[in-house]
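Below you'll find the structure, written out as structure tokens, and then a few comments.
Each chain gets a letter, A, B and so on, in the order the sequences are listed, and its residues count up from 1.
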There are 2 protein chains.
Amino acid sequence: MDIREVLATNLKRHRLAAGLSQEELAHRAGIDRTYVSSLERCVYAASIEVLDQLATALGVEAADLLQREPGGGENNGPA
Amino acid sequence: MDIREVLATNLKRHRLAAGLSQEELAHRAGIDRTYVSSLERCVYAASIEVLDQLATALGVEAADLLQREPGGGENNGPA
DNA sequence: CTGTGACTCATAGTCCGTC
DNA sequence: CGACGGACTATGAGTCACA
């Protein structure tokens with residue numbers, strides 16, 4: 001599982017949990033609306049700088065946005 | 001406190017804890033020798049992709065490298 | 001409100017050599 | 001082994017128009 005997906009998933013989860021639209025989050029984080037969209041669609045591997053901005057705008061820690069889900073991208077074996 | 005400093009500090013701490021040189025870590029993470037040096041000197045704001053590579057090479061989670069130190073750049077709140 | 005292609009600019013990331 | 005500068009390439013960062 002790419003780290004981008006982890007970020008995209010967590011970003012969306014936290015954004016929805018905060019009851020914000022992509023536009024609202026983008027506005028709060030001081031970044032472009034379409035950029036947030038791109039991040040949630042794994043178009044980019046964000047730098048830690050925007051990661052920090054996003055986290056602050058969501059009221060969480062940067063590390064929270066990189067927390068991998070136990071069972072989310074679970075791999076059932078090659079068989 | 002810049003997020004870069006947090007990364008630089010944690011990166012160095014974990015690298016030393018693992019008993020690795022910058023060269024060794026760079027080799028294990030599959031990234032450039034001088035890049036690790038630059039990261040520890042806050043020259044760049046790494047993307048989450050290299051962050052993940054570094055974390056894996058160190059045997060920790062990407063989120064661990066972004067964990068802020070309580071007491072380092074402590075801010076007493078906006079109030 | 002959100003996804004997407006296209007585009008420009010900045011910088012992340014590599015390679016090389018030196019101290 | 002680690003800091004450092006330069007040149008280069010790949011990709012992230014930021015913005016617009018349209019569906």
Side-chain angles (χ1 to χ4, degrees), chain A residues 1-68 72-73, chain B residues 1-69 72:
Chain A
M1 179 173 191
D2 286 308
I3 188 74
R4 301 194 200 189
E5 297 180 51
V6 178
L7 172 63
T9 305
N10 285 308
L11 180 59
K12 197 164 203 167
R13 190 206 327 284
H14 283 289
R15 179 172 64 79
L16 262 18
L20 297 172
S21 65
Q22 289 183 348
E23 274 180 325
E24 260 298 291
L25 174 58
H27 179 70
R28 290 196 186 201
I31 59 185
D32 196 79
R33 176 187 75 85
T34 64
Y35 188 60
V36 175
S37 175
S38 299
L39 252 24
E40 288 192 1
R41 293 183 56 78
C42 305
V43 176
Y44 294 126
S47 70
I48 60 173
E49 232 156 44
V50 303
L51 187 72
D52 190 50
Q53 287 178 143
L54 257 358
T56 301
L58 288 170
V60 300
E61 293 177 74
D64 286 318
L65 296 181
L66 289 184
Q67 221 75 258
R68 298 202 179 212
Chain B
M1 179 171 191
D2 285 307
I3 189 73
R4 301 192 198 189
E5 296 180 50
V6 178
L7 173 62
T9 305
N10 285 309
L11 180 59
K12 195 163 204 167
R13 190 206 327 282
H14 283 289
R15 178 173 64 80
L16 262 18
L20 295 172
S21 67
Q22 290 181 347
E23 283 173 321
E24 260 299 291
L25 174 58
H27 180 69
R28 290 196 185 201
I31 60 184
D32 196 75
R33 174 181 67 90
T34 64
Y35 190 57
V36 175
S37 175
S38 300
L39 250 25
E40 290 192 0
R41 295 182 59 76
C42 302
V43 177
Y44 294 125
S47 71
I48 60 173
E49 229 154 48
V50 304
L51 187 72
D52 189 52
Q53 289 177 148
L54 256 358
T56 302
L58 287 170
V60 300
E61 293 178 73
D64 286 318
L65 296 181
L66 289 184
Q67 221 75 261
R68 298 204 178 207
E69 291 301 299

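- In this structure, CG on A:Leu7 lies 11.0 Å from CD on A:Glu5, to the nearest 0.5 angstrom.
- Shown are B:Leu20, B:Val50, B:Ile31; of these, the side chain to side chain contact (heavy atoms under 4.5 Å, CB included) with B:Val36 is made only by B:Ile31.
- Straight-line distance from the CD atom of A:Glu40 to the P atom of C:dT2: 8 Å, rounded to whole Å.
- Taking atom CZ of A:Arg33 as the reference point, atom C1' of D:dA19 lies 12 Å away to the nearest angstrom.
- With A:Asp32 contributing its side chain and A:Thr34 its backbone, the two residues share a donor-acceptor pair below 3.5 Å.
- We find that CD of B:Glu23 is positioned 15 Å from C1' of C:dT14, with the value rounded to whole Å.
- Atom CG of B:Leu16 is separated from atom C1' of D:dC1 by 12 Å (rounded to the nearest Å).
- Put simply, CD1 on A:Ile48 and CD on A:Gln53 are 11.5 Å apart, with the number rounded to the nearest 0.5 Å.
- The separation between B:Leu20 atom CG and D:dG2 atom C1' is 15 Å, rounded to whole Å.
- In this structure, B:Glu24 places its CD atom 12 Å from C1' of D:dC1, rounding to the nearest Å.
- Here the closest heavy-atom approach between residue A:Leu65 and residue A:Leu58 is recorded as CD2-CD1, 4.2 Å.
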Inset, instruction - For each nucleotide in nucleotides 5-14 of chain D, reading 5' to 3', give B when a protein heavy atom comes within less than 4.0 Å of its base, S when such contact involves only the sugar-phosphate, and - otherwise. - result: -------BBB
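- A sub-4.0 Å separation between OP1 or OP2 of D:dG2 and a side-chain N or O of B:Arg15 is present.
- Counting only distance, with no hydrogens or angles, the side chain of B:Asp64 and the backbone of B:Ala55 share no donor-acceptor pair below 3.5 Å.
- Put simply, CG on B:Leu11 is 11 Å from P on D:dA3, counting in whole angstrom units.
- Backbone-only contact: A:Ser21 has heavy atoms under 4.0 Å from sugar-phosphate atoms and none from a base.
- What separates NE2 of A:His27 from P of C:dT2 is a distance of 15 Å, to the nearest Å.
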